Amino acid sequence: MAMQGSLQKKLLHTFAALADLGQEIAGTNDFEEMVRTSLHLLLGTLAIRKGALAEYDEAEQALKFIVVRGLGLQLQEEIPVDEDDLKSLTSLDSQGIAISAEDTHSNQFLKNHQAQFDFTRFELLIPLVVRGRLTGIILLGKKASGDSFSGEDLETIHAMARHIGVGLNTHRLMAELERKAEENRRLYDGLRAIYKDTVRAFASAIDLKDKYTQGHSERVGRYSEIIAREMGWSDEEIEGIAIAGYLHDIGKLVVERDIINAPYKIDAKKSSELNRHPAAGYEILSPIRHPYADIPLMARHHHERVDGRGYPDGLKGDEIHIGAKIVNLADSFDAMTTDRPYKRRRSFEDVVADFRRNTGKQFASEVVIPFCYAILKEMEGQTKERRIMKMLGRDYLNPERDIPLLKDLIAELESEALSASAGNA
Amino acid sequence: MAEMLTGVTVRSRVVGGAAVVYASDYLNKLSGERIERECRLQLEAGRRALVVNFRDTELVNSIGVSILMGIIDAAESVGAQLVFSDMSAQTVELFEMLGLTRFVALAKTEAEALATLSGFAAASQGSGH
Ligand SMILES: [Fe+2]
């Protein structure tokens, strides 16, 4: 009776430890804590006074001790592991090997390292092997009772060792995943930085070719960005539209320089040559794997008009990519507000009149209205930075005069848009 | 008789030349390492008589056993006397089953433990304070 009671207690003690171990390995995020607790559980279950647990570091090909108990010192040792060792350890497949009983020469790993690492301090060596891969080892000393390990004890040890091996493996997989993700992130950031530098270099090359419109591409990029932000686009999409703005005229790189730089209005023949630039831009940009969507399309369609009279494809209304509509507006706005070889820039009053006349013909009201709001907000001092006003130069806008103009235009365009959508419904 | 709090949770006090450390509920978790650390600190401070009091410890699990073995190691390594007091009957049974009673003396109460140790503590600690 007493025997049976004590056996039950022993089983209960072991069972509780196994349950705790399962919880610990599944439940904790702190790897070091998990490993320490695991070794405590294993040692405490059978009252083993000495123990050590090492993780196998695949990259450095070494077993690194993480926790050591009962040796009266902290083990900082590492055991280098070569191919032979690996074979010898994984072949044991989580089955322990009795060190004292073992002729150490029969085990390659023990034979290789006995001189530098005194394995005789321990009784058992248990390799932790998960799906054929070594994840670590556990070394165990004698039981406090002085009894040798029973078959049951060994079963308990192996069950716990398997759990711990899985815990180590999970940790390794997570660490690998993290490292790969970090690597990818860095690679991606690097590529993006290179891409952006290249885009900027292109933009200045485009503008250099067109000596009267210095800084045009960059300003179109910035205006496009401002419009898209006002429209509530995500940061990622805003970066994309800025790039499209920078590159919208890239096709001009293949159009004759003297046509672009003609100091007079060019004739029809030359004009059709110049009109090749959106399609040419599309050809240049298409083979490139941009980190943002639809860049080539936005370049191709930045001279399309919502009334269908644009080029190169004569698209109408919603057939035109929304990004191309933004770039078109930004492009036209910058053309109107900077001096050109054949004419001086127009007053803001004129620009507002142009917007009024051409919304629904050249421009889409869905982009004109947000742009007007963006300009209005800057004039009313609602924004931290005055990016538009900076690009336009100090005295171009006159809030007192221009705010009412913009408000009238916005009201007009909004009521038109409202009645148009009511008409559609 | 100086009662003091060490760290956040481990209670201990010094009685004559002996240190009494209270095992509490923290013993059965990784936080139990703090109890082991407290015992080591007492030994490092020169005390050669140590009582671990289990009055607030219902049951000892495997983690607790491992930590107590650590305390036994620490005491053995400096030749200090170690007594566990106020253990529940279940814990005593567990200790017997695991063969740990060979390495540590058990006492029913803290007072009994201190009485056992007093001669030894006085001898190793001198007059104390
Ligand atoms: Fe253009």
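Throughout, protein chains are lettered first and strands after them, A, B, ... in sequence-line order, and every chain is numbered starting at 1. Note that the structure is predicted; figures quoted are calculated from it, not measured.
- Heavy-atom contacts from other residues, nucleotides or ligands closer than 6.0 Å to NZ of A/K143 number more than 12.
- With a 6.0 Å radius and a threshold of 12 heavy atoms from other residues, nucleotides or ligands, A/K64 has its NZ atom above the threshold.
- Here the CG atom belonging to A/L41 is positioned 8.0 Å from the OG atom belonging to B/S66, to the nearest 0.5 angstrom.
- Rounded to the nearest 0.5 angstrom, B/R102 CZ and A/S145 OG are separated by 6.5 Å.
- In this structure, CZ on A/R69 lies 7.5 Å from CG on B/D73, to the nearest 0.5 angstrom.
- Contact count against chain B (heavy-atom pairs under 4.5 Å) is highest for A/I48 among A/D147, A/I48, A/L42.
- A heavy-atom distance below 4.5 Å is found between the side chains of B/I72 and A/R49.
- Contacts between A/L46 and chain B at a heavy-atom distance below 4.5 Å involve the backbone alone (N, CA, C, O).
- Residue contact with chain A, scored on non-hydrogen atoms closer than 4.5 Å, involves the side chain of B/F103 exclusively.
- Under the 4.5 Å side-chain criterion, counting only non-hydrogen atoms from C-beta, B/E33 is in contact with A/R36.
- Residue B/I67 touches chain A through both its backbone and its side chain, counting heavy-atom pairs closer than 4.5 Å.
- Heavy atoms closer than 4.5 Å to chain A are found in the side chain of B/E76, but not in its backbone.
- The minimum heavy-atom distance linking A/A144 with B/L100 is given by the pair CB-CD2, 3.6 Å.
- Atom CD of A/E178 is surrounded by 12 or fewer heavy atoms from other residues, nucleotides or ligands within 6.0 Å.
- The closest side-chain heavy-atom distance from A/H40 to B/S62 is not below 4.5 Å.
- Most heavy-atom pairs under 4.5 Å with chain A, from the set B/V65, B/I63, B/L59: that is B/I63.
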